[in-house]
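Inspection log for the structure reproduced underneath, given as structure tokens.
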Amino acid sequence: QVRLVESGGGLAQTGASLRLSCAATGRSFGRNAMGWFLQAPGKEREFVAGISYSGGVTEYIESVKGRFIIFRDVPKNLLYLQMNSLQPEDTAIYYCAASYLAVPPTNGREYNYWGQGTQVTVSS
């Protein structure tokens, strides 16, 4: 059974940092792009960051560029999102996802596996 399990969420103050982790089990995603999405209360789930199978290509939404870093440990089947300079508008549930594609799509429909999500709350 393929599972993606996120961890590392929690409560943070404005300007603080958090690191989200995603552990994949059940199959290797070494040839797959992976990504992070967020869903804020009352809003649609949206793409945050993606990384290619090798880690050589990354994509970010404009609002997190320069603050968030996506990276992965391919041998360990782990994905990370380093979140710096957190702002209250970053508050959301963050989801890890894996795609059958090699480069990271920004459309959620092109991701085939999803985690259950981890809550990030940033207080002002």
Side-chain angles (χ1 to χ4, degrees):
Q1 181 182 4
V2 177
R3 293 186 67 199
L4 300 178
V5 179
E6 302 93 338
S7 61
L11 178 64
Q13 292 186 329
T14 297
S17 297
L18 285 175
R19 179 177 291 183
L20 305 184
S21 300
C22 173
T25 59
R27 61 159 284 178
S28 170
F29 288 101
R31 294 186 180 276
N32 303 91
M34 299 188 73
W36 289 96
F37 287 73
L38 67 81
Q39 187 165 21
K43 295 187 177 181
E44 298 279 324
R45 188 155 52 186
E46 64 176 316
F47 173 82
V48 177
I51 189 167
S52 63
Y53 74 101
S54 66
V57 176
T58 55
E59 296 282 349
Y60 298 91
I61 55 169
E62 195 63 35
S63 62
V64 307
K65 285 181 180 178
R67 299 191 299 126
F68 291 10
I69 302 170
I70 186 171
F71 60 103
R72 65 191 300 176
D73 185 330
V74 174
K76 294 183 178 179
N77 233 10
L78 294 168
L79 177 71
Y80 299 96
L81 184 67
Q82 178 67 40
M83 310 166 68
N84 301 319
S85 300
L86 283 163
Q87 302 297 316
E89 51 266 34
D90 297 321
T91 295
I93 299 173
Y94 284 74
Y95 297 89
C96 165
S99 172
Y100 285 143
L101 301 175
V103 290
T106 58
N107 189 328
R109 294 189 183 91
E110 296 187 278
Y111 286 82
N112 308 96
Y113 299 95
W114 292 86
Q116 293 299 305
T118 184
Q119 175 72 48
V120 171
T121 303
V122 184
S123 62
S124 57

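None of the values given here were measured: they were computed from a predicted structure.
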Original post:
Within a radius of less than 6.0 Å around CD of Q119, do more than 12 heavy atoms belonging to other residues, nucleotides or ligands occur?
Top reply: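 Yes - once you tally the heavy atoms of other residues, nucleotides and ligands closer than 6.0 Å, there are more than 12.
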
Just to verify, what does [X] make a side-chain hydrogen bond (donor to acceptor under 3.5 Å, both in side chains) with, not counting sequence neighbours?
X	result
R3	none
R27	N32
N77	none
T106	none

Looking only at non-hydrogen atoms, find the nearest pair between [X] and [Y] and report the distance.
X	Y	value
P104	E59	CG-CG, 3.9 Å
G30	S28	N-OG, 3.1 Å
P105	S99	CG-OG, 3.9 Å

Mind checking whether [X] and [Y] sit in one hydrophobic cluster, side chains of I, L, V, M, F, W, Y counted as touching below 4.5 Å?
X	Y	result
L4	V74	no
I70	L101	no
V5	I93	no
W36	V57	no

**OP:** Verify side chain to side chain contact (heavy atoms under 4.5 Å, CB included) between V122 and V120, making sure each step is shown before the conclusion.
**Re:** CA-CA 7 Å; V122 184; V120 171; 4.1 Å; yes

Original post:
At what distance, to the nearest 0.5 angstrom, does CD1 of I51 lie from CG of L79?
Top reply: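 CG of L79 is found 7.0 Å from CD1 of I51.
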
Original post:
For E62, what residues pass the salt bridge (charged side-chain N to carboxylate O under 4.0 Å, His left out) criterion, not counting sequence neighbours?
Top reply: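 For E62, the residues satisfying salt bridge (charged side-chain N to carboxylate O under 4.0 Å, His left out) (neighbours in sequence not counted) are K65.
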
Original post:
Taking the side chain from S124 and the backbone from P88, do they hold a donor-acceptor pair closer than 3.5 Å?
Top reply: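 Here the side-chain-to-backbone pair does not exist.
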
Subject >> V103 backbone acceptor or donor facing S52 side chain under 3.5 Å >> reply: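 Checking the backbone N and O of V103 against the side chain of S52, no donor-acceptor pair under 3.5 Å is found.
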
Original post:
Listed by chain and number, what are the side chain to side chain contact (heavy atoms under 4.5 Å, CB included) partners of K76, not counting sequence neighbours?
Top reply: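 K76: side chain to side chain contact (heavy atoms under 4.5 Å, CB included) contacts with D73, L78.
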
Original post:
Any side-chain donor-acceptor pair under 3.5 Å between Y111 and Y95?
Top reply: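 Looking only at side-chain atoms, Y95 and Y111 do not form any donor-acceptor pair under 3.5 Å.
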
Original post:
How would you list all residue pairs meeting salt bridge (Lys or Arg N to Asp or Glu O under 4.0 Å) that involve residues 40-55, not counting sequence neighbours?
Top reply: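 Of all non-adjacent pairs touching residues 40-55, none passes salt bridge (Lys or Arg N to Asp or Glu O under 4.0 Å).
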
**OP:** Output every pair passing salt bridge (Lys or Arg N to Asp or Glu O under 4.0 Å) with a member in residues 80-94, not counting sequence neighbours, ordered by first then second residue.
**Re:**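 Output for this query lists R67-D90.
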
Subject >> For Y94, all residues meeting ring pair (Phe, Tyr, Trp, His ring centres under 6.0 Å), sequence neighbours excluded >> reply: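 Scan of Y94 (ring pair (Phe, Tyr, Trp, His ring centres under 6.0 Å), adjacent residues dropped) gives none.
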
**OP:** Take T25 and V2 through the test side chain to side chain contact (heavy atoms under 4.5 Å, CB included) and record every step on the way to the result.
**Re:** CA-CA 6 Å; T25 59; V2 177; over 6 Å; no

Would you tabulate the side-chain donor-acceptor contacts of residues 10-19 under 3.5 Å, counting partners in other chains and residues two or more places apart, or write 'none'?
residue	atom	partner	partner atom	Å
T14	OG1	S123	O	2.8
S17	OG	N84	OD1	2.9
R19	NE	Q82	OE1	2.7
R19	NH2	Q82	OE1	3.2

Original post:
Do L20 and T118 have side chains that get closer than 4.5 Å, going by heavy atoms?
Top reply: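 Contact flag for L20/T118 side chains = yes.
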
Original post:
Can you list every pair that meets disulfide (SG to SG under 2.5 Å) and has a residue in residues 5-116, with sequence neighbours left out?
Top reply: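 Of all non-adjacent pairs touching residues 5-116, those that pass disulfide (SG to SG under 2.5 Å) are C22-C96.
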
Subject >> Residue pairs involving residues 42-71 (criterion ring pair (Phe, Tyr, Trp, His ring centres under 6.0 Å); sequence neighbours excluded) >> reply: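 Residue pairs passing ring pair (Phe, Tyr, Trp, His ring centres under 6.0 Å), neighbours aside: F37-F47, F71-Y80.
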
